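Note that the coordinates shown come from a computational prediction; the quantities given were computed from them, not determined experimentally. When a ligand or atom number is given, it counts from 1 through the structure's own listing order.
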Amino acid sequence: MVGKHMGCNFTSLAWAPYGDHWRNLRRVASLEILSSSRLQLLSNIRADEVKSLVRRLFHNQLIESVDLRMEIYDLTMNVMMRMIAGKRYYGKHVANLEEAKRFKEVLAATFKVAAESNIGDFLPWFKSRDLEKRMIRCRKMRDECAQYLIEERRRNRRIPSNCSGDEKTIETLIEVLLALQETDPECYNDQTIGSLMLVLIGGGTDTTTNTMEWALSLLLNHPEILKNAQREIDNQVGHGRLMDESDMARLPYLGSIINETLRMYPPAPMLMPHESSDECTVLGYSIPRGTTLLVNIWAIQNDPKIWEDPRKFKPERFQGHQGARDGFRMMPFGSGRRGCPGEGLGLKMVGLALGSLIQCFEWERIGEEMVDMREGTGVTMPKARPLQAKCLPRPTMVSLLSQI
Ligand code: HEM
């Protein structure tokens, strides 16, 4: 039902079946939106938002208790919205509070309906009419929001579509898509642009937010590992500047912490539902065409037959590894042609934000008790209880922090 209503009748990038339409969307997303060169052009947005989070934590002096889930969510939403539409909806410097409020409500409603179990997907005669009505209502509100942003960009297009070179650095993703619309209006119609935009927001925010929240929770429960990460950043980056994305190549321990978090708490524990496009045979079983396949990567990545002490947080096990993929035993971003196209962006956001928080602050649990690591419910796997922590600027960083 989510694919039908929120996935624009199975035409959005995440829901479209394999074929020309999906291939085209995927090409646009990978080449025009999430390619390394485009991500590089937009790296200042990520750096700017992380800096503003660090500044906020420093100046607010929220020593006793920081609501980290909220802070991280605001960060990822602002990064995504600035990349896509060139505006912030969270925290300070929000141009239109009413518009931001409406957008947040629509997004919250989307995540809520998308996360509801729908037994009707498996037993059609139990279909919930109430859930379906709410989805239809929610889709209407989402489409209105997306259309509003598209119209606004169309009116205010700052750069002619035939611009090139450095000028392109200020293009938002809607502008990129509007430029493509000029060359092929049928293919890049407003509905396709709106749906791509919403898929990227949906796919890119909760996944990265949850990864950072789980990682920080694990670190608070393992202060010795937090200290090791801090030591690595001190050695490689120092105290005279904030870390940047290019430092990640020299911070393998931080990379291992992220990999270990993605192994233990993959944000999409069952990937996306897949469907066999043809009849096939697997281990002697005949699988009919059209069978839904849910891949339980949580079970694979936490399988004691494959991983030693799988429930132990041991970043060291990833030392010497490149990236977050490891054959079929580790695939937090999925695998194959439907694997995540936002892996590069996701890892950049998580690496920079997590590294900067570790570089600038001392983090401690609120009390003696360990951080509650129980899982809640949702489209992506959230923590049952939002993470709260004590936060103290590191003495070696105070001078830099007071200048940013
Ligand atoms: C830590 C961050 C992220 C994780 C762990 C993650 C994980 C995943 C997974 C497991 C899938 C399904 C793969 C499959 O079923 O084989 C997926 C699909 C997808 N992800 Fe991500 N993702 C992350 C970040 C992002 C970001 C930042 C974006 C874009 C801004 C994004 C956009 C998408 C899209 C559009 C799809 C559907 C692709 C298709 O069906 O062709 N993801 N992601």
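- Put simply, the side chain of P310 reaches to within 4.5 Å of the side chain of R263, judged on heavy atoms.
- Residues M248 and I258 form a side-chain contact, since some pair of their non-hydrogen atoms from C-beta on lies under 4.5 Å apart.
- Residues M197 and L173 form no side-chain contact, since every pair of their non-hydrogen atoms from C-beta on lies 4.5 Å or further apart.
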Which N/O atoms of ligand 1 sit under 3.5 Å from a protein N/O, and at what distances?
unit_1: ligand 1; atom_1: 15 (O); unit_2: M272; atom_2: N; d: 3.2
unit_1: ligand 1; atom_1: 15 (O); unit_2: H274; atom_2: NE2; d: 2.6
unit_1: ligand 1; atom_1: 16 (O); unit_2: H274; atom_2: NE2; d: 3.2
unit_1: ligand 1; atom_1: 40 (O); unit_2: L13; atom_2: O; d: 3.4
unit_1: ligand 1; atom_1: 40 (O); unit_2: R338; atom_2: NE; d: 3.0
unit_1: ligand 1; atom_1: 40 (O); unit_2: R338; atom_2: NH2; d: 3.2
unit_1: ligand 1; atom_1: 41 (O); unit_2: W22; atom_2: NE1; d: 2.9
unit_1: ligand 1; atom_1: 41 (O); unit_2: R26; atom_2: NH1; d: 2.9
unit_1: ligand 1; atom_1: 41 (O); unit_2: R338; atom_2: NE; d: 3.3
unit_1: ligand 1; atom_1: 42 (N); unit_2: G203; atom_2: O; d: 3.3

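- Two residues are said to be in side-chain contact when any heavy atoms from C-beta on lie closer than 4.5 Å; Y253 and I233 fail this criterion.
- Classification of the Y73-Y90 ring pair by plane angle, with boundaries at 30° and 60°, yields perpendicular.
- Counting heavy atoms from C-beta on, the side chains of L345 and R46 come closer than 4.5 Å.
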